[in-house]
4 protein chains.
Amino acid sequence: MTKNKLKEVAMRLFGEKGYDGTALSEIAKEVGVKTPAIYFFYENKEDLFMTVFKEAMEFYNLFIQELSEDQAELNAKDSLYRILIRQHHFYQKNPEYSLFVLRYMLFPPSFLKETIEKAFLHSDVLLTKVIEALIVQGIQEGTIREQSVEFLVDAFLNLLDGSCMQYFYYPSTELYERKLNNAFAMYWNGACS
Amino acid sequence: MTKNKLKEVAMRLFGEKGYDGTALSEIAKEVGVKTPAIYFFYENKEDLFMTVFKEAMEFYNLFIQELSEDQAELNAKDSLYRILIRQHHFYQKNPEYSLFVLRYMLFPPSFLKETIEKAFLHSDVLLTKVIEALIVQGIQEGTIREQSVEFLVDAFLNLLDGSCMQYFYYPSTELYERKLNNAFAMYWNGACS
Amino acid sequence: MTKNKLKEVAMRLFGEKGYDGTALSEIAKEVGVKTPAIYFFYENKEDLFMTVFKEAMEFYNLFIQELSEDQAELNAKDSLYRILIRQHHFYQKNPEYSLFVLRYMLFPPSFLKETIEKAFLHSDVLLTKVIEALIVQGIQEGTIREQSVEFLVDAFLNLLDGSCMQYFYYPSTELYERKLNNAFAMYWNGACS
Amino acid sequence: MTKNKLKEVAMRLFGEKGYDGTALSEIAKEVGVKTPAIYFFYENKEDLFMTVFKEAMEFYNLFIQELSEDQAELNAKDSLYRILIRQHHFYQKNPEYSLFVLRYMLFPPSFLKETIEKAFLHSDVLLTKVIEALIVQGIQEGTIREQSVEFLVDAFLNLLDGSCMQYFYYPSTELYERKLNNAFAMYWNGACS
DNA sequence: TATGAATGAGGCTTCATTCAT
DNA sequence: AATGAATGAAGCCTCATTCAT
């Protein structure tokens, strides 16, 4: 399906080189098609971008939703750690989605700044709920010291954001993993005591 | 004068709209000059960008260096907290520099990916040393529990990166500051106990 | 059915927006069909245009021919006036045909300038004969003063052309009709005295 | 001056081939310049067209205004006849202006239908006043029979419009002139008697 | 009878860049 | 120190047209 190939290639190139840095001709070429063929499937560059963006967001939100599933049997600590690991895996297995989402979360093209901000706030709310539930579970378990939930959630979200940043920032996986583990250990340490 | 104004406007626009999304004509227009005037001061677009980039990095490194100064009189906790606050102030007082640095740290234009990576690793090393010194001080003070320094440094760097991300991500300053304080409190909690 | 609908829509759009200003896709869309369907009925854009053009000319010539019929019982003055009225009615009842004919009489697309000129000269000859017959009748009746027939024919044709122009030029029907009547009255006045 | 050459060539080509039928590249080529040079002088195709249009209208209105001048010494008949002749001369001496004005009076590109209609109504008012003055003069002279001025004005404007149409319609000058003279003679005949 | 998919040609426009002044 | 004039390259997009189905 040309239409899907276009979406995939577009996601990768938009993620790597940005909206303005990606020519439709490049996308077409990689798909093995001439540029005007794009217009058979998408209205224009913006439409292609928006389609890709929506899919990326859906996929990312799906990932967030999955974070909350299948964790019932784990204790809070393992669940939280697993979220970090899953985020890491998500980045590794879906480099195009990840790069795309990160890029346009921070640097949306001006023509859809608002749309994008709303979409990301939505994801943020989803994620916050997932974390909250786990924190509450930890407190009930007794593994997390009784204290303000908001406080614990904020710190964990910061940890996630920091890991996100570092994943794209540090080239070496080893280094990244060490930092990730150390940061989580410190978090858990603070959460318990 | 014109040369500097060009640099300033270029930094802002490159930061806001990206390298490909910024036309030299826009830069010239904001400065109140015609496009060819740029070529009197800079070889070409890349040269202007590189000049701006170097200045941004110097400025950013200066900021990092200043973090280590004037902290002798403070205890470790206050010093570390002050770093977070200073980072926040730096972003607020120098939005153009900050946005530029963040953008090109994560998404360098392909023609200078390597150069930029080196520059950022350099800054990272600088920053790591500053943190390390403070951690060691804290251990010597006895306010930080004796444990692996690397461990504490990694977690603090993660905290800084997370805060960086959130600063640009969250629109509201209040929300950002709450999250920042909560995350630091958790960090310090973990560091002591 | 589709073939005829295509012809109708094409006539209207070619008349309103010109040959170059009308895309085959627009025509197809209005007919409720995809563009390639056009090629099942017509060889290409030119062919569609020519088909439309021929029909418009036939229809217009039919109108001219009808002008000479059913007028036997009327006197010359009424017959001539009736021609003006019929022209007016023709424009009102067949706005698409009229606009099309006017547009391509004055501004033929370059690829068929000659063809079109011939077609219009043919219509002109037809019309001239009709007028001539009525003038002669008028002179025989004694209602038109005896004088050069050519002279009277030329003036009447000018009257017709002027009315044509004004019909498309003036937006208001009332204004147009007043002008038409005044112009004819003056013509008849000159013809008699 | 490239800018003026562009205007001249644009007027001719827009007049001959229509707005959609004229490529900027053609205009540029005839001027001896590459297409993007047009954008140094005009914002875009519409702007070039509008500039040409405004100039054509100004020029045409100037022509109309001049019709009323230098006619004091002539009697009404000669003045009116002279208007027809001058219109003829105007068409002959300024074929580009004339064709352009005629084309866009009848078939404005959709994006400026309203603007153009207003402009032409303005010209129409100007012209009507000129004719009116001459008719009144003729009645005062006693050369025109006393009757409704409106009636005489309408008929003369019809004569002018008819002549306009025929000028562009009939290829042969001789034929055109014969028709013109015959039509005017008939008009004057009707006006006097 | 009609469409889905695709393309070549070409149009409008922007942009970095040059060069004479 | 800066601009007016111009261009080559390239980008987005439209359109007539084709062809397999």
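Everything quoted here is computed from the prediction, not taken from an experiment.
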Between Tyr97(C) and Glu55(C), a side-chain donor and acceptor under 3.5 Å: yes
Atom [atom1] of [X] to atom [atom2] of [N]: distance rounded to whole Å?
X: Phe40(C); N: dG4(E); atom1: CZ; atom2: P; value: 17 Å
X: Lys29(B); N: dA16(E); atom1: NZ; atom2: P; value: 14 Å
X: Tyr42(D); N: dA6(F); atom1: OH; atom2: C1'; value: 15 Å
X: Lys34(D); N: dT17(E); atom1: NZ; atom2: C1'; value: 17 Å
X: Ile38(B); N: dT3(F); atom1: CD1; atom2: P; value: 10 Å
X: Ile27(A); N: dC13(F); atom1: CD1; atom2: P; value: 11 Å
X: Glu46(C); N: dC15(F); atom1: CD; atom2: C1'; value: 15 Å
X: Leu6(B); N: dA16(E); atom1: CG; atom2: P; value: 13 Å

message: Please tell me whether Tyr104(C) and Phe100(C) form a close aromatic pair, meaning their ring centres lie under 6.0 Å apart.
response: yes
query = So, Phe49(B) versus Tyr19(B), ring centres under 6.0 angstrom or not?
reply = yes
At their closest point, which heavy atom of [X] faces which heavy atom of [Y], and how far apart are they?
X: Ile38(A); Y: Leu24(A); result: CD1-O, 3.5 Å
X: Asn61(B); Y: His122(B); result: ND2-ND1, 3.7 Å
X: Met57(C); Y: Ser123(C); result: CE-OG, 3.1 Å
X: Cys164(B); Y: Met165(A); result: SG-CE, 3.5 Å

Taking [X] for the side chain and [Y] for the main chain, is one N or O donor matched with an acceptor at less than 3.5 Å?
X: Arg103(A); Y: Gly15(A); value: yes
X: Lys17(B); Y: Ser110(A); value: no
X: Tyr42(C); Y: Lys3(C); value: yes

The correct set of residues in residues 7-18 of chain B placing a heavy atom under 4.0 Å from DNA chain F is none
Parallel, tilted or perpendicular: ring planes of Tyr91(D) versus Tyr167(D), cut at 30 and 60 degrees: tilted
Per-residue pairing states of DNA chain F in dot-bracket (Watson-Crick or G-U under 3.5 Å; . unpaired, | other strand) read .||||||||||||||||||||
Can you pull every protein N or O that's under 3.5 Å from an N or O on nucleotides 9-12 of chain E?
residue: dC12(E); atom: OP1; partner: Lys45(D); partner atom: NZ; Å: 2.9
residue: dC12(E); atom: OP2; partner: Leu24(D); partner atom: N; Å: 2.8

